[in-house]
Amino acid sequence: MKPKNRRKEKLDTPIYIGSIPIEGTNEEQQELKQQIIEQAAIEKLPLLMKRYGIDKDDYFRLALLLTFKHEPGFQVVQAKLKLKQQDDYGNWGAVIHDTKPTKWPPKKLLRLLDAVKKTRRGVSTDREALKILMQKQEWSRSLKQ
């Protein structure tokens, strides 16, 4: 068993600032504190890049990786997609996010249940049976719903 490293890595330690007695105006003090913080952060950048396996000069990749990790607008989500309906000129539109749930009447749902039971004879799970049924026209999801 690997012993735990009790010493925190420099990258996992916050940048501590306190009230440093600096002579000058409040604005000059704030500017000097900001410079100290930035210098400490710059010293930690190579460690951050090493942690993520990024080349030491590839700051764009680091920014992109952190953006994907922390910004909601860059999150990747698996979603159902469909083609936009055909326009008046016969052109198909772009792929769009499909937000409407499929709604079937109870009779159709009962027919699906029967179809799954019949298909289930040749496979081991309901999920596999549904995958097979989705290939058939009757049970495939229509793009025009």
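We find the CG-NZ distance between Leu47 and Lys56 to be 13.0 Å, quoted to the nearest 0.5 Å. Interatomic distance, CG of Leu11 versus CE of Met49, reported as 12.0 Å (0.5 Å rounding). Put simply, CG on Asp114 and CG on Leu109 are 11.5 Å apart, with the number rounded to the nearest 0.5 Å. The CG atom of Leu112 lies 6.0 Å from the CG atom of Leu130; values are rounded to the nearest 0.5 Å. Distance check, rounded to the nearest 0.5 Å: CD of Gln75 to NE2 of His70 gives 9.5 Å.
When the side-chain hydrogen bond (donor to acceptor under 3.5 Å, both in side chains) test is applied to Lys69, the partners found at least two apart in sequence or on another chain are Tyr52. With sequence neighbours excluded, the residues satisfying salt bridge (Lys or Arg N to Asp or Glu O under 4.0 Å) with Arg111 are Glu138. Partners of Arg51 under the side-chain hydrogen bond (donor to acceptor under 3.5 Å, both in side chains) rule, at least two apart in sequence or in another chain, are Asp12. Listed by chain and residue number, nothing satisfies the side-chain hydrogen bond (donor to acceptor under 3.5 Å, both in side chains) test with Asp58 (two or more places apart in sequence, or in another chain). Scanning for side chain to side chain contact (heavy atoms under 4.5 Å, CB included) contacts around Gln35 gives Glu31, Leu32, with sequence neighbours left out. For Glu128, the side-chain hydrogen bond (donor to acceptor under 3.5 Å, both in side chains) test picks out Ser124, with sequence neighbours left out. Judged as a side chain to side chain contact (heavy atoms under 4.5 Å, CB included), and not counting sequence neighbours, the contacts of Leu45 are Leu48, Tyr59, Leu62.
Under a 4.5 Å side-chain heavy-atom cut-off, the cluster of Ile, Leu, Val, Met, Phe, Trp and Tyr residues that includes Ile42 has no other member. Side-chain heavy-atom separations under 4.5 angstrom define the hydrophobic clusters, and the remaining members of the one that includes Val123 are Ile132.
Residue pairs meeting the salt bridge (Lys or Arg N to Asp or Glu O under 4.0 Å) criterion with at least one member in residues 37-46, sequence neighbours excluded, are Lys10-Glu43.
The environment of Lys108 atom NZ is dense: over 12 non-hydrogen atoms of other residues, nucleotides or ligands sit within 6.0 angstrom.
The minimum heavy-atom distance linking Phe68 with Phe74 is given by the pair CD2-O, 3.1 Å.
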